[in-house]
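Structure first, then comments.
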Amino acid sequence: MNEVPAEQRIYAVLAAILCGSVATYGQVGKLAGLPRGGRLVGRTLRNLPADSSLPWHRVINASGKISLPADSGGFKRQKARLQEEGLLVNGNRISLRQYQWQP
DNA sequence: ATGGTGACTTGGC
DNA sequence: TGCCAAGCCACCA
């Protein structure tokens, strides 16, 4: 019957990421039941409404960097929010020191 | 249907 | 550390 759409589960995973921590796209996808859905996660965040209160800014790629283009508004917004949560952001890269979210 | 693209990941050099 | 190739999934022309 009605199964919960993958997007819904991705939202739940996002909401579970602790403040001050970040997770990779692959990590989120894996926890949402999409072991190879890194791209799906990215596409889902891309489609998020502007009024969504989900911490999408806590999601970065496996290289520990922000995947958005450095000249886009989303990049600046994500960087600013991460810094407000106490994370050190150097350029497009997050200074990793126990940054990875642990479920 | 087919090919190209993207807020990805991993392995190799 | 950084770039490249292959794999993966969904969307678009």
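To find a chain, count down the sequence lines: A is the first, B the second, and so on, and within it residues start at 1.
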### Task
With P as the reference atom in both, quote the distance from dA7(B) to dG7(C) in angstrom, rounded to an integer.
22 Å
### Message
Please give me the minimum heavy-atom distance between Val28(A) and Ala23(A), naming the atom from each residue.
### Response
CG2-CB, 4.0 Å
Enumerate donor-acceptor pairs with a distance under 3.5 Å from any side-chain N or O in residues 63-76 of chain A to protein atoms, sequence neighbours excluded.
unit_1: Ser67(A); atom_1: OG; unit_2: Asn61(A); atom_2: ND2; d: 3.1
unit_1: Ser72(A); atom_1: OG; unit_2: Pro69(A); atom_2: O; d: 3.0
unit_1: Ser72(A); atom_1: OG; unit_2: Phe75(A); atom_2: N; d: 3.3

#### Entry: Watson-Crick or G-U pairs under 3.5 Å in DNA chain C, rendered as dot-bracket with [ ] for crossing pairs and | for another strand
.||||||.|||||
### Message
Per the side chain to side chain donor-acceptor pair (under 3.5 Å) rule, what does the pair list look like for residues 35-51 of chain A, sequence neighbours excluded?
### Response
none
### Message
Once rounded to the nearest 0.5 Å, what's the spacing between atom OG of Ser95(A) and atom CG of Leu82(A)?
### Response
11.0 Å
## Note on the structure
By salt bridge (Lys or Arg N to Asp or Glu O under 4.0 Å), Arg58(A) pairs with (sequence neighbours left out) Glu85(A)
### Task
Please check if Leu45(A) and Leu40(A) belong to a single hydrophobic cluster, counting links between Ile, Leu, Val, Met, Phe, Trp and Tyr side chain heavy atoms closer than 4.5 Å.
no
### Query
Is Leu34(A) close to Ile10(A) at the side-chain level, that is, under 4.5 Å between some pair of heavy atoms?
yes
### Task
For Ser63(A), answer base if it contacts any base atom (sugar-phosphate contacts may also be present), sugar-phosphate if it contacts only those atoms, and nothing otherwise; contact means non-hydrogen atoms under 4.0 Å.
nothing
### Message
How long is the straight-line distance from CG of Leu87(A) back to CZ of Arg81(A), given to the nearest 0.5 Å?
### Response
13.5 Å
#### Entry: 5' to 3' contact window, DNA chain B with chain A (heavy-atom distance under 4.0 Å)
dG6(B) to dT10(B)
### Task
Using heavy atoms to find the nearest nucleotide of DNA chain C for Arg36(A) and Arg93(A) separately, return the residue whose nucleotide is more 5′.
Arg93(A)
### Query
Out of curiosity, Trp101(A) CH2 to Leu18(A) CG, how far, rounded to the nearest 0.5 Å?
7.0 Å
#### Entry: Any donor-acceptor pair under 3.5 Å from Gln78(A) side chain to Val59(A) backbone
yes
### Task
Scan residues 37-57 of chain A against DNA chain C and write down, sorted by residue number, each residue with any heavy atom closer than 4.0 Å; if none is found, say none.
Arg39(A), Leu40(A), Arg43(A)
